[in-house]
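Just so you know, these numbers use all the heavy atoms, side chains as well, and skip hydrogens, waters and symmetry mates.
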Amino acid sequence: MAQKNGSNQPTVQARKKPLGMQIWFYRWFYVMFLPVLFFVIIMFYLPMFGVRYAFYDYRPVGEPTWVGMKHFQALFSRDGFWQAFWNTLQISIIKLLLNTFMAVVISILLNEITSMAFKKTVQTLIYLPHFMSWVVVASVFSLILSPSMDGMVNGMLVDWGVIKETEKIYFLASPKWWRPVFYVINIWKDTGWGTILYLATLSGISPELYEAAQIDGANRLQRMRYITFPALTNTILTVLILNLAKVMNLFESVFVLYNDAVVDVSDVLQTYIYRQTFGQGVPNYGYTTAVGLFKSLVSCILVLGCNYASKKVRGRGIV
Amino acid sequence: MRKTRKKVVSIALCCAMLASITACGGNNSDPTTTAGTTPASTTTSSGGSSNETTTAPQQTTSDVVKPDSLRIVHDGTILTEGLAEFGKQISELVGVNYVLDQQDHSAYADAVGRVFASGDWPDVILLPAGLYATYATTGALWDMTDAYEQWKTELGDRLVSNVNDGLKINGRLYGFAPTRGNGCITYVKQAWLDAVGIQAPTNWDEYYNMLKLFTENDPDGDGTNNTYGVSAAGIIGQEAPYTNFLPEFYQQAYPDFVQGDDGIWYDGFDTEEMVAALERLQSAYQAKYLDPESLTDGTKDVRNKFYDDKFGAFTYWAGTWNQNIINNLEAQGLSTDLVLLDPIDGLEQYIERQSAMWCITTACQNPEGAFEYFIKPMLDDGDVQFRYTYGAKGFHWDDKAETVVVGEGDGATSTDYQDGEFHMMTNQETKTLFTKNHLDPALTVAPLSHAPQSQTDAAVESNEFFIANSKLAPFLPSSDVLNDYNGDLWELKRKVITEVVVNGNDVATWMDHYRTNSAQMVEEVLADLNK
Amino acid sequence: MANETKTNSTELTYVKKKKKLAPFEIANYILFILVGLIILIPIWKVLVDSLDAQSAYSFRLFPKKFSLAGYGVIVTTEALYRPFLISVITTLGGTFLGLFLSTLGAYVLIQFQMPGRNFFAYFLLFTMIFSGGMIPEYLVMRKLGIINTLWVIIFKHGMNVYNLVLMRNFFEGIPASLFEAAEIDGCSPMGIFFKIVLPLSKAALASIGLMYAVEAWNDYTNFKIYVTDSTLVNFQYKLRNLIMDGDMPNTTASISQNMMFNAAVMSAIIPFMLIYPFCQKYFVQGVNVGAVKE
C-alpha cells in the first residue's frame, strides 16, 4: 500500500517558490481550515485563559485573589499526592498498553475469520460492553467477584478445588488482586471498541497483496507479520501517543471500583483530589485548576517524549 | 460549474456557522427575568450588621415592599414533574412572579458553585446542610435572624420544632429549614426472628446475638449458609451524619468535630466511644455477622441483597422507603412483616440529619420582601403550604370526581373518587401515585392544621416512629482551617477504620497512629472553632 | 479471503474451494466463541434482570418470573419521547458537525508542503494537553449565550481533536498518485476533497462517525452541567433521573425497581447493537482498491 508520507517526497522537486506564491497556491486550504480554527479557538483556547487561576484562590463567592504557588506547595507536600501520582502513571500506562495490545490481537485474528455472519456477530457482541456505564459495570463485576457464595469466580475456584470454601478471595478489597482485576475489567470493557478502528484500517489493505504473498509461498503467520501488522503500525502509534495525553485523567473506572482497603494501590490523582475537595463545602476552583495544570504538564512531557522516540525509531512522530 | 458550486457551498456553510453563532449570542440571554440580580459583591443589606440589637424587630410587616418577582434556585426536592404548573399556582396565590430555576439534583453542590461563580446570583437558594454553614461564613447569605425571630412569635404554638434555633451560627441565622431532616431506622425481618426463635433485641448483647443467629442458623431456610446478620453501604458513610447506616455499632460515637454541651468543640473521633464502636465493628466484621462486602457495596446493592433475602437487619430511611421496601419484598414473594426496631440501650435514639435550608442571598435587592413573600407563605397553613406539601392542584392532587389508575397492565388498580374528596394523582412517567412535594407533612416544623394523608400507612407509621425516636445530629462545624484539613483528616480516619475493622488490627495502636498524625491539624482546627 | 481467487474477467477460471478448514481457523473460531461467551456474561446478567419481575442480587441463568413490564414502562412513558428526539437531534448534529470539521481539518493537515501546516498541527494538538478547566468553559459558553440550548451540546461534540488526527491517518493512506493524477486533470482542492478523498474514506467516515455518534448519544454530563431546562434534556439524562440516580423511592406496586433499572441499562445498549451491523459493510476489505493501477 503506497503511503503518502511527509518525509518521502516525490523525487522531482521544483525550485522552491516564494512564500507569497505558496500561500496563494494553498489559499483554498486556508479557507477550508477556517471553521476548524474558529471552533478550536472558541471551544478550547478561550477557556484556556482560565489556567491562570491555578495561582489564585478562586471561590464561587468573592473575587479571585492571588496566592502564587500556594496550591502547588500544598499539593507537593502531601504524601498522599505523590502516591496517587505514581499510581496514576503506573495504572494508566499499563492499562493503555494492555488494552491496545488486546485490541490489536483481536482485530488481527478477527480479520482472519471468513464467515461474514460469524464475524459480524462477534464484532457486535464484543463492542457492547463499551455502552454500559462504569457504575453498572462496577456493580455487576462486584457481584461476579463477590467473596460470598454468589460470586461466580469464587464459586468456580471452589468447585475446581483451587481454593477451599473458607478461603474465598475478596478480590476487590485485596491490595494484591485489585490491579490485575482492574486491568481485566478494562480489557473486557474497551477491547471491542478499540477493534473498530483497527478493523477499519485493515479493511483498507488490498487483497491482492495477500494473494501475491500467498503465491510467493508465505504462510499465514508470515502474512500477518509482513502485511497485516505493518499496516496497523501507524494507527497503533497514533492511538498510543494520543492516549498518552489523556493518561492523567483516569477517574471514573477507578472511582467506582476502589475502596478504603486498597487505597494504597488504587488511588489515582483524580480520586485523591476528589476526596480532598469533597468535604470542603465552598469549592476552591484555584486548587482544582492547579491540579489540572500539573496534569497537563505531565501529559505534555509524556507526549513529547513519546513523539521524540517515535521520530528516532520510525522517522516521524505524530505531527 | 460543479467545481465552483462545491466551493460556494463550502464557503456558505462556513459563513452560516459563523452567523448562527453570533445570532445565538443575541437571542439566548439568561433565563431570568427578575428584578435585580447583581454580580458577586459582598454588600450586606439592612439585616447583616452585628451591631444592631436583636431584641427590637427591624421593621413591621407594613414596611416590607412586595417584590415583583423572585428567582429561586433549587434541586429536585421540588418535584420536576409538574414544576411549571406548581410555580404558576403559587405565583398566582402569593401575587409574586416566581422564577423556579431547578438545577441538577445528583450533583447539586457543583451546580450551586457554578451558579455563584457565574456572578448571576438568584434571590433565594436552597442549600443542603453541608453547603449552608460554609456559604454562610463567606457573607453570601442574608442574615435573617430578626425576620425569623419576629415570625417565630407570630407562629406561636403552630411551631412544633425549634430546629432552626439549633442552626444558628454564632447566634445568627442565615437560612430557614421548613422541615426537620429525615433519618434511618432499623428494619428487622420478623420471619427471620421467628425462624431463629428470638425476640427483637433491646441491647447490644441481644443485637449481637441476633446477628450471630442470622448468620449461622440458616434463617431463610434454603439449606445453605449464605446469610448475614446485617449489611450496609459502607462501614462509615461519606457524608454527615456518617453513622446512620450502622447506628447500633456506633451508638454515641460521632467521627467528626462536635460541640459539647459546654460549648467547647472537641474531636469526636478521638474518644472512648469511638474506640468501643470500632471494637464492636471489628468483632462483627471478622466473624462475618456484618457482611464483609459492606466495604464496597453501594446503597442499590445493599437494597437488592435485602430483597434477595441475604441478610436480616437493614437500617435505612424512614418514611416512604418503608413502603418501598415492603413492595419489593412482596415482589420477591417474601414476608413483608418488618419490625421497626426500638433504639437499643446505648444508642438511645436514631439520628436525624440536618435538613436543607432556604437562604436569601446578599444579591437580593429586597431580602425582607423575599422573606415575607417566599419563606413565610411556605408555612401559611393555607393554599400555598398545601401546594408545597402535596403539589399542584390538577397535576399532583385534586378533589374533583374522577378515577385514578395506578400501575400498568395486570397489576393496575383504579379507584373512584367523589367530588370534594381529596386524592393524589398518578405520575404519568412512573405510573405510581404522587406522595408529596417539597414538604414532608410528617416533618414540617409548622404543620398544616388539616393535612390529609397522602402516603401509605406504612410510610406514616415509620415517620411517626422515627420522630418519636430520634434526635438531631451534631451541628456541622464551619471553619476555613477545617476546610483545608478536612480531606487529610478523613483519609486518616478511614485508614484507621479500615485497618481495625477489615484487617483486624489492634484498635489502640491505630488510634495512636491517628492521634500522632492528626495532632497538629486537630489542634489548629479546634483553636479556630473555639475562638 | 485467502481461500478463493476470483476475477472479473470473462474467461473461465478454476476456482479451488477448500473443503475443510485449516487447524488455525478452527482454533480461531473456537477462540472467538469463548471470547464471545466471556464478554457476554456480565451483559447476560443485566439482560436477565431486565426481564425478571423477581430480579435478585444473585446471578441467574434465566429470569425467575419473566416480564416485559420494565421495557414496557420505558417504551410507553411519554415523558421519554421528547428526550429521545432530543438525543437523536444532538447525535445527528454532533456527528455531522464532527465529521465536517474532522474531514476538513484532516485534509488540510495532509498538505505537508503547505506553509503553516506544522503550526496548525501543533495548534490542534496543544488543545489535547492543556485545558482551562470546567468553570472557564462554563463561563465562555455562558458568554456566548448558548447555555441551556442544544447548541452547546452540539458544539461540544463537534470539535474533537483526537478523531481529527485519526481521520488524518486514514487520509494519509490514500495514494499520492491519485492526488497527482487529479491535479493534472485540473481538479481544484475542493473538488479533490469531494470527488476523491471522501469516496475513498468510507471506512474512516463510518468508524469515526460511529465514534462521534456514540459519544453524543451517551452524553449526559454535558446536560448535567449546561442544561437546566427540563424540556431540553436528552434520553440518557432523563433515564438516569427517572430510574437510576439517587435514593428517591419509587413506590411501584407492580414493577420491580431493579427490573426497571436494568431495562434502562439495556436500552442504552440496544440502539447501537442494532445499528452496528449496518455500519459493518463499510469495513469490508478492498473498498479502496482499484482506483489506480500500481
Query raised in the report: Should the pair A/Lys120 and C/Tyr276 be classed as cation-pi, given the thresholds of under 6.0 Å to the six-membered ring centre and 45° from the axis?
Result: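 Not satisfied by the 6.0 Å and 45° rule.
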With only heavy atoms counted, which part of [X] is less than 4.5 Å from chain A, the side chain, the backbone, both or neither?
{"X": "C/Met141", "result": "side chain"}
{"X": "C/Phe59", "result": "both"}
{"X": "C/Ser131", "result": "backbone"}
{"X": "C/Phe170", "result": "side chain"}
{"X": "C/Ile269", "result": "both"}

When [options] are compared by non-hydrogen pairs under 4.5 Å with chain C, the top option:
{"options": "A/Phe141, A/Tyr53, A/Tyr30", "value": "A/Tyr30"}
{"options": "A/Phe44, A/Tyr285, A/Tyr127", "value": "A/Tyr127"}
{"options": "A/Val303, A/Ile113, A/Val40", "value": "A/Ile113"}
{"options": "A/Leu297, A/Val140, A/Thr124, A/Val239", "value": "A/Thr124"}

Tell me, side chain or backbone of [X] under 4.5 Å from chain C's heavy atoms, or both, or neither?
{"X": "A/Met149", "result": "neither"}
{"X": "A/Leu304", "result": "neither"}
{"X": "A/Leu110", "result": "both"}
{"X": "A/Leu242", "result": "both"}
{"X": "A/Ile106", "result": "both"}
{"X": "A/Ser146", "result": "side chain"}
{"X": "A/Lys189", "result": "neither"}
{"X": "A/Thr289", "result": "side chain"}

Determine whether the side chains of [X] and [Y] contain a donor N or O and an acceptor N or O closer than 3.5 Å.
{"X": "A/Tyr198", "Y": "A/Asn111", "result": "no"}
{"X": "A/Tyr26", "Y": "C/Gln111", "result": "no"}
{"X": "A/Thr238", "Y": "C/Asn169", "result": "yes"}

Query - Greatest number of heavy atom pairs closer than 4.5 Å to chain A - which of C/Ile208, C/Leu139, C/Thr127 - result: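 Top count of heavy-atom pairs under 4.5 Å with chain A: C/Thr127.
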Query raised in the report: Picking from C/Gly105, C/Gly158, C/Pro189, which has the most non-hydrogen pairs under 4.5 angstrom with chain A?
Result: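 Highest number of pairs under 4.5 Å: C/Pro189.
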Query - Those residues that, when tested against C/Phe123, pass ring-ring contact (aromatic ring centres under 6.0 Å, His included) (two or more places apart) - result: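 For C/Phe123 the ring-ring contact (aromatic ring centres under 6.0 Å, His included) partners, ignoring immediate neighbours, are A/Tyr45, C/Phe119.
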Requested in this report: Could you list the residues that satisfy ring-ring contact (aromatic ring centres under 6.0 Å, His included) with C/Phe193, not counting sequence neighbours?
Outcome: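 Listed in chain order: C/Tyr107.
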Query - Taking every non-hydrogen atom, the tightest pair across C/Met167 and C/Ser102 - result: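 Heavy-atom minimum between the residues: CG-O, 4.1 Å.
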Query raised in the report: What's the shortest heavy-atom distance between C/Leu61 and C/Val48, and which atoms?
Result: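 Shortest heavy-atom contact: O-CG2, 3.6 Å.
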Query raised in the report: More than 12 foreign heavy atoms under 6.0 Å from CE of C/Met134: is that the case here?
Result: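 Atom CE in C/Met134 is not packed in, count stays at 12 or less.
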Query raised in the report: Would you say the side-chain atoms of A/Arg52 pair up with the backbone N or O of A/Phe49, donor to acceptor, closer than 3.5 Å?
Result: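 Yes; judged by distance alone, with no hydrogens or angles, the pair exists.
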Query raised in the report: What orientation do A/Phe118 and C/Tyr29 show, parallel under 30°, tilted 30 to 60°, or perpendicular over 60°?
Result: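 Correct class here is tilted.
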